[in-house]
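Some notes on the structure that comes next.
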Amino acid sequence: MTKRLLCTAAIAVLLTGAGATLADAEEPAPTASMAVAPYLYNGWGSPPDPTTVMNETGVNWFTLAFVLSNGTCNPQWDGSRPLTGGVDQQTIDTVRGAGGDVIPSFGGWSGNKLESSCGSAGELAAAYQKVIDAYGLKAIDIDIEAEAYDSPTVQQRTVDALKTIKADNPGIKVYVTFGSGQSGPDSSLIDKAAASGLTVDSWTIMPFNFGGAGQNMGDLTVQAAEGLKNAVKNAYGYTDDEAYRHSGISSMNGITDNSETVTVDDFRTILGYAQEHQLARLTFWSVNRDRPCTGGPADSCSGVSQQPWEFTKVFAGYNG
């Protein structure tokens, strides 16, 4: 990315010397922070070349999905692909080679979850650590859904494992992602974490697939995020500002699984809210889908009228 910026600046200088102005040179895309790391999934949806997305949008980070259990307490990509030497390793190398980085995501909706397969908090922490060590990570995402979220035992195991990860990896960022209702999330996991002394960098809700078909998804997202802020505030005794700065949003671009429609304008609404309150995280599922539909494979497009990478470009403007 640095070389690209330098080349752009050099072109601008040459144009100026020829009687043009700096405005005549194309402005480079701004470089988005770690807070903006759209999900990239190698499991389906014709995964895009991450360098293309980076160059065209300014996004510098990707949340790479999903690390799962292979049936035991052993982490693998989608529960079947090895941590090193495969397509996922290649994606990480490509992103890093272009000046960016990745945040592996553990969990998701389907598949065998490490949080359920590992028999203790210590074993789960060791599984997380195996991935952290494999890539020298700066951040991880725990996407806790379905039966993993529904089980109080698994919730507590996850909390205790993350306490170990935070203690053993100073400075690592931990994001926790989970579902939400229209008025905010079930706060059981947040409450367990606060009671156990675990502080994470962002409690991130997924404000979709929650009965919003036919409604304004931008407004519903803000409503749900306010509920999240209140849950975080109440659990930790934070001020409003502190609670916002430990909260995040992970939206879904285009047509959701439950026929809700999240438009580019909705993303602009969400961006404005995130900017106003300086949320800790602003992401979405997924960059695979951030393209117009042209008859490609399933889950390779958004289902709405858009330009390629248009949703990503909106969130890339976040400066939180």
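Judged by distance alone, with hydrogens and angles left aside, the side-chain atoms of S196 form no donor-acceptor pair with the main-chain N or O of L198 at under 3.5 Å. With hydrogens and angles ignored, the 3.5 Å screen pairs no side-chain donor or acceptor of Q182 with any backbone N or O of L220. Formation of a donor-acceptor pair under 3.5 Å by the E310 side chain with backbone atoms of D290 is not found in this model. Of the possible donor and acceptor atoms, one in the side chain of D49 sits under 3.5 Å from a partner among the backbone N and O of T51. Judged purely by atom type and a 3.5 angstrom limit, N209 uses its side chain to pair as donor or acceptor with the backbone of N258. Within the 3.5 Å criterion, the main-chain N or O of V174 finds a donor-acceptor partner in the side chain of D201. The backbone N or O of K113 sits nowhere less than 3.5 Å from a side-chain atom of S116 that would complete a donor-acceptor pair. For the pair E123 (side chain) and G119 (backbone), a donor-acceptor distance under 3.5 Å is present.
Looking at residues two or more places apart in sequence or on another chain, you find no salt bridge (charged side-chain N to carboxylate O under 4.0 Å, His left out) involving K130.
By the 30° and 60° cut-offs, the orientation of the rings of W203 relative to Y236 is tilted.
For the atom pair OG of S286 and CG of D299, the computed distance is 7.5 Å after rounding to the nearest 0.5 Å. If you take CH2 on W285 and CZ on F311, they are separated by 15.5 Å, rounding to the nearest 0.5 Å.
By the criterion of side-chain heavy atoms lying less than 4.5 angstrom apart, applied directly or through intervening Ile, Leu, Val, Met, Phe, Trp or Tyr residues, Y175 is not grouped with W109; the two fall into different hydrophobic clusters.
Side chain to side chain, D141 and Y39 meet the donor-acceptor criterion of an N or O pair below 3.5 Å. Side-chain atoms of T91 and N42 form a donor-acceptor pair, as typed in the model, at a separation below 3.5 Å.
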Practice task
Given side chain to side chain contact (heavy atoms under 4.5 Å, CB included), test M54 with N60 step by step and report yes or no.
Solution key: CA-CA 6 Å; M54 295 168 73; N60 211 34; 3.6 Å; yes
Practice task
Take L162 and Y128 through the test side chain to side chain contact (heavy atoms under 4.5 Å, CB included) and record every step on the way to the result.
Solution key: CA-CA 9 Å; L162 291 177; Y128 290 155; 3.8 Å; yes
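For the pair R268 and D265, the salt-bridge criterion is met [side-chain N within less than 4.0 Å of a carboxylate O].
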